[in-house]
Novice: 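The structure that follows is given in the form of structure tokens.
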Amino acid sequence: MTRTLPPLDARIPEWDTGDLIQRDCPVCASRGGSPVYIRPDTLTICRCGSCSTYYISPAPSERQLAGFYAAYDERHRRAREASPKQLAAAYARTDPFRDIRIRVLSSLMQITDARVLDVGFGRAQFLYYVKKAGGIPYGLDPDPKAIEFARYLGIDNVYRSDLQNFNTEFPFDLITLMDLIEHPLQPMDILRKSVQLLAEDGYLLIWTPNGESAGDEESPIAFRVDLEHMQYLTPASCQYIASGLRLQIVHLETLGYPSLDGIDKPLAAYRSGSHPAIKILKKVPGLAGLDAFRRRLLHPERDERRGAYHLFCIFRKYRLPSAT
Ligand SMILES: [Zn+2]
């Protein structure tokens with residue numbers, strides 16, 4: 001039985017329903033997933049009976065999605081305005097080890113001198129953390145603003161390229177796909193290409209909305225926000241990916257909460273506003289403990305391990321057997 005989900009995100013794309021394509025499971029290619037939800041944008045979410053991935057089918061065509069992303073910044077991007085200078089100042093105050101991904105990675109690998117490629121790096125925060133932790137950051141992003149942010153932060157190995165057309169003469173020790181794999185119609189192409197670019201024994205990190213979190217909710221939040229998402233992976237999808245791409249799962253957890261601040265507000269109001277409590281704090285000079293208080297306001301994710309909104313998986317590429 002399919003359940004029609006009520007709106008939550010104020011940004012509801014208007015898809016051309018005459019230009020939709022049927023899809024098989026985008027992870028394991030099984031046919032005949034069961035329709036389970038109708039999203040607020042009228043698209044149907046199916047669940048794969050084989051690998052348990054949730055995916056949109058029928059989905060907007062490649063051509064239609066390309067048009068959507070061409071106007072994405074103007075019509076859809078939910079980010080407060082910030083200049084490179086403001087971002088640099090904010091990042092300079094942060095400790096990379098507050099980021100759970102850096103913490104977990106550093107327990108698995110040596111970040112110092114590691115070559116790290118972040119695909120779709122956006123505001124370059126993760127690249128900045130990698131640099132601060134002693135790694136060598138590389139980034140890909142189609143958005144010229146993203147390139148500008150990274151360069152301002154002193155990160156020069158950044159390219160306006162998509163992953164499929166990117167090649168290097170050296171392999172990477174780590175490739176990160178954060179808030180990325182839920183977008184393309186062919187997510188396995190991205191994963192396959194990532195594995196190609198990895199060193200033997202290299203790591204691949206994915207961070208994406210957790211489809212399985214839907215099981216706990218009457219009207220799953222993950223399926224009512226960011227309606228450009230075309231699939232929602234689950235821990236079982238990760239198992240399938242590992243077996244299909246000769247990877248070993250070395251870390252798998254679900255954690256955190258969705259960012260819902262202002263999600264139901266029109267974009268213009270959201271982008272120009274700052275956190276109301278921060279505005280007040282700025283007016284109180286010399287307030288004791290201000291920094292700790294401000295940190296708590298800016299990092300409400302401190303109990304993130306209690307949530308289950310994100311899927312956080314790290315794979316390791318198997319070393320090829322030696323020829324001897
Ligand atoms: Zn599947």
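Excluded from the calculations below are hydrogen atoms, water molecules and symmetry mates; all remaining heavy atoms, backbone and side chain alike, are included. Residue indices begin at 1 and follow the sequence shown. For ligands, and for the atoms within them, numbers begin at 1 and follow the listed sequence.
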Novice: Quick one: is the NZ or CZ of R101 closer than 6.0 Å to the six-membered ring centre of F312, and within 45° of its axis?
Specialist: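 No, R101 and F312 do not form such a contact.
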Novice: Got I249 and C238 here, is their nearest side-chain heavy-atom distance under 4.5 Å?
Specialist: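 Yes, close enough: below the 4.5 Å cut-off.
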Novice: Once side chain to side chain contact (heavy atoms under 4.5 Å, CB included) is applied, do any residues pair with F121, and if so which ones, sequence neighbours excluded?
Specialist: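 Listed in chain order: D118, A124, L127, D141, A146, I147, A150, V158.
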Novice: Under 3.5 Å, side chain of R23 to main-chain N/O of S57, donor-acceptor pair present?
Specialist: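 Not confirmed, R23 side chain does not pair with S57 backbone.
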Novice: Regarding Q125 and Y129, is there a side-chain donor-to-acceptor distance under 3.5 Å anywhere?
Specialist: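 Judged by distance alone, the side chains do pair up.
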Novice: Between R98 and D95, is a salt bridge (Lys or Arg N to Asp or Glu O under 4.0 Å) present by the stated rule, with each step listed?
Specialist: CA-CA 6 Å; R98 288 187 69 88; D95 171 4; over 6 Å; no
Novice: Distances under 2.8 Å only: what protein N/O/S atoms are near the Zn ion (ligand 1), ordered by chain and residue?
Specialist: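 Per the 2.8 Å query on the Zn ion (ligand 1), atoms found are C25 SG, C28 SG, C48 SG, C51 SG.
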